[in-house]
Structure formats: C-alpha cells, structure tokens
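Model, not experiment: these values are computed from the prediction. So you know, we letter chains A, B, ... as the sequences are listed, proteins then strands, and number each from 1.
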There are 2 protein chains.
Amino acid sequence: MELQVAKDKFIHTWGTLATQWGINRTMSQIHALLLLSPKSLNADEIMEDLRISRGNVNMNLRDLMSWGLIYKQLLPGERKEYFMAEKDIWKVARQIAKERRRREIEPIIETIEDIKKSVVPDTVEKTEFLKIVGDIGVVAGFADNTIESVLKSEESWLITNFLKLFSR
Amino acid sequence: MELQVAKDKFIHTWGTLATQWGINRTMSQIHALLLLSPKSLNADEIMEDLRISRGNVNMNLRDLMSWGLIYKQLLPGERKEYFMAEKDIWKVARQIAKERRRREIEPIIETIEDIKKSVVPDTVEKTEFLKIVGDIGVVAGFADNTIESVLKSEESWLITNFLKLFSR
DNA sequence: TTGAATTTTCAAAATATTCTGAAAGTTTTT
DNA sequence: AAAAACTTTCAGAATATTTTGAAAATTCAA
C-alpha cells in the first residue's frame, strides 16, 4: 500500500536526519511513528513495527517523555501502557527549542561563568583570554535571549493561531 | 601557570560540550585551541598540544575550514601551513548558524517536499498523513526564516557594532 | 630532475554509543 | 498470597564513530 511506503520512508529518513544532529536514531523513529499513528501504541506494537527490542523501546519512550514530545496514556480496561505523540507541531517545535536551549546553551554559560571567576586579569595574556571567553559568553547569552523571545512570541495566543492558519 | 590551566580547562570543556550536540570532540578542541592562541599554529604544534595524531589534526582542520571557522595562513619563508581561528565571535556564531541551518533544516525541507509530491490525498488516511508532514514542513520553514532574519539583522552594520560594544 | 619537507589518505585499531534479551522489579488480577 | 501481565534494568554484544600511523601524494628548493 502506497501510504505505508511513504510512512516508512518518512520514519526512516527522520531517523537518519536525527543522527546528523546528535539525536538517537531509534528515538526519532519512534517519535515519527507515533506522530504518524492515528491511535496510540503500546511497547509491543512499537517493537514489532520498528523491529527493535523491548529494552530499546522502553528507554527511548522514556527519553521522549523527558523531552515532552510524547505522553503516556492509560486506556480503561487495558493493562498495557499506550503512548501518543504531541500532534501540535508548534508545541513540538517549542519543546525541542526549549530542551536544546537547556542542554546546549545553558552549560556553555555556566562554564564561562566559572572560568571568568577563576582568572584574575593581571597580565595582558589573561586579559586577552578573558576577552575571548567573555565574547563567547555574550554570544551564548544573545542566542539564549533570541530563542527565548521567539518562544515567547510564538507562545502568545495571537501569533500561534495566526501561524496555524497556514498549517491546516 | 594559572592561565594555562584555565585554557586547558576551557579547551577540554568545550570539547566535551560539543559531543553533546553532535560535533566531533577533537574538532571543537582544535577550534578552542586556535581561538585562544595569540599566534597561528601549524599541524605539529596542534598535535603536540592536544596529543593527537597527524591524521586526526589534518582531517579536523579541513572540517573547520569547511565550516568557515578557521583560516589557513601561509607565512613567508615557512614551508608549513599555519592556521588561525576567526576571532570575531559574532562572525563565528553566524557561520555556525548558517552551517547548522544548511545541514539540519534544509534536508528536512527537501525530504518533506519529496514526500508531498509522492502521495496523492485521495483517502482520509493519506490526507491526515500529508497534514502532519506538511505541518512539519511549515515549522521547518518558520525556523529557517527565523534564523535567516536573525542572521540578516545581526549582519547589518548598525546592530553588529552596537552589540560589539558589550563584548569589549 | 631529485629528494627532502610537508600534507593527505585510508585500512585497521581504539573508543564510544546503541541495542539486545533475559532477569529482576512492579502492578494487577485471581 | 500466588500467579499472571506487564515494565524496567543492565551486562554484554553489536554497531558506529573516531583515531592512529604509516604509506602515498604533493609541494618546493636546489
């Protein structure tokens, strides 16, 4: 069936792209699978669909939850846990931006603060060193602010809904 | 010497951080070393400083050049090639943003275009599939535009110089 | 030219990451 | 309280990435 082929292609490509930017392939394949699935899926279904082990599914589902990209769903009368992806792609994008900010930018800012505290600018060399390190700190701060302000404007009701018009 | 300790710490930490976001550790260590070095360095000096092999140095220097983060310098009377980092951190940040845009966002947009072309929305399922894929495309496009406009405003003379005031 | 100095390449080794699967842990049902 | 249904953990295996180092290629000086 043509649709299944396209879905598989999407899931596969998505996984490959993810590795390019430091994200686990299986994690993004599971995410893609859940994004495309009209109903929520349990661990066995994911195992079967992507042909991966139970342990692998379990680990990556937990990672995806920690990124805020999927939710656990407890269906009445069912023992198994079901998972569904956040389908509002704007929410997904915001979530990813927030996490990357937290994981990539914040540690830079911290490291730089530490270094600034530990070196006293009492020679030319030290002053120059602090200048470069400080510059990097300023740029990291700028990136941090930029992401924050984009997130804020994105989050505001008006903009969110205006942009959503294009995604229907 | 206190300064050397701080430099080493910075180089080491920078390398570790980089691995977290999908960039080769050695590559970012070499970059950090060159950023902190007042004079340009040749391959032997980098080998000795970071205790890594010639091949590794060579590969990563070429990668750094392809990212536009370092330059080759030919010193008169010297056979060896010397390398220096772009010291204007704003330029560095723009360069990184551009490259990441090219390597991370553009492939997403391409993949999505392909899929959209290959699936005809003649059933509910296909329409839903195309809706999700299309949404992702819209978000990727939004990210692309956002980065572009930040880069543009950053690049404009006024802003660049205004922000530079803070980094002196 | 020749050959010394330097850079580049790439197969194999080292290292790091991801994945498996069975055992241990937990929750629910009987 | 025992068993069944399910989830989590984690040591070892599989896979992927990075690094080495010596050989090949290139560049330059004489």
Side-chain angles (χ1 to χ4, degrees), chain A residues 11-34 40-67 69-84 103-104, chain B residues 11-34 40-67 69-84 103-104:
Chain A
I11 291 170
H12 178 266
T13 311
W14 203 244
T16 307
L17 285 178
T19 56
Q20 302 235 304
W21 30 295
I23 285 168
N24 180 292
R25 200 186 65 207
T26 306
M27 179 168 145
S28 55
Q29 285 184 341
I30 294 178
H31 185 220
L33 175 65
L34 290 174
S40 54
L41 303 176
N42 63 43
D44 289 279
E45 289 167 329
I46 296 169
M47 280 172 70
E48 193 180 345
D49 213 310
L50 300 178
R51 312 287 191 84
I52 56 180
S53 73
R54 185 175 300 285
N56 198 3
V57 168
N58 187 271
M59 269 187 92
N60 283 295
L61 284 174
R62 291 207 290 118
D63 272 358
L64 283 166
M65 283 193 286
S66 87
W67 276 76
L69 299 177
I70 66 172
Y71 309 116
K72 194 182 278 190
Q73 217 180 19
L74 292 173
L75 299 183
E78 286 270 14
R79 283 286 289 283
K80 286 182 179 163
E81 297 176 328
Y82 282 75
F83 297 88
M84 62 177 321
R103 295 172 194 223
E104 297 181 10
Chain B
I11 291 170
H12 178 266
T13 311
W14 202 245
T16 306
L17 286 178
T19 55
Q20 302 234 304
W21 30 295
I23 286 168
N24 180 293
R25 201 185 64 206
T26 307
M27 178 168 147
S28 55
Q29 285 184 340
I30 293 178
H31 185 220
L33 175 64
L34 290 174
S40 54
L41 302 176
N42 63 42
D44 289 281
E45 289 168 328
I46 295 169
M47 281 171 69
E48 192 180 346
D49 214 308
L50 300 179
R51 312 286 192 81
I52 55 181
S53 74
R54 185 175 301 286
N56 198 4
V57 168
N58 187 272
M59 270 188 91
N60 284 295
L61 284 174
R62 291 207 290 116
D63 272 359
L64 283 166
M65 283 192 286
S66 87
W67 276 75
L69 299 178
I70 65 172
Y71 309 115
K72 193 183 275 188
Q73 215 180 21
L74 292 174
L75 299 183
E78 285 269 17
R79 280 288 288 283
K80 285 182 180 162
E81 296 175 328
Y82 282 75
F83 298 87
M84 64 179 316
R103 294 171 194 224
E104 298 182 9

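- B:Leu34 approaches B:Phe83 most closely through the heavy-atom pair CD2-O, 3.4 Å.
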- [ ] Indicate for each nucleotide in nucleotides 7-18 of chain C, in 5' to 3' sequence, whether protein heavy atoms under 4.0 Å reach the base (B), only the sugar-phosphate (S), or nothing (-).
- [x] BBB--------S
TODO: Dump the intermediate steps for side-chain contact (heavy atoms from CB on, under 4.5 Å) on B:Leu64 and B:Ile30, then the final yes or no.
DONE: CA-CA 9 Å; B:Leu64 283 166; B:Ile30 293 178; 3.8 Å; yes
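- Read 5' to 3', the first and last nucleotides of DNA chain D with an atom closer than 4.0 Å to a heavy atom of chain B are D:dT18 to D:dC28.
- Scanning for salt bridge (charged side-chain N to carboxylate O under 4.0 Å, His left out) contacts around A:Arg62 gives an empty result, with sequence neighbours left out.
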Open item on the list: Using the rule given for side-chain contact (heavy atoms from CB on, under 4.5 Å), can you reason through A:Lys80 versus A:Asp44, listing the C-alpha separation, both sets of side-chain angles and the distance that settles it, and then say yes or no?
Closed with: CA-CA 9 Å; A:Lys80 286 182 179 163; A:Asp44 289 279; 3.3 Å; yes
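- The shortest non-hydrogen separation linking A:Thr16 to A:Thr19 is O-OG1, 2.6 Å.
- Heavy atoms from other residues, nucleotides or ligands lying under 6.0 Å from CD of A:Gln73 number more than 12.
- Atom CE of B:Met47 is surrounded by more than 12 heavy atoms from other residues, nucleotides or ligands within 6.0 Å.
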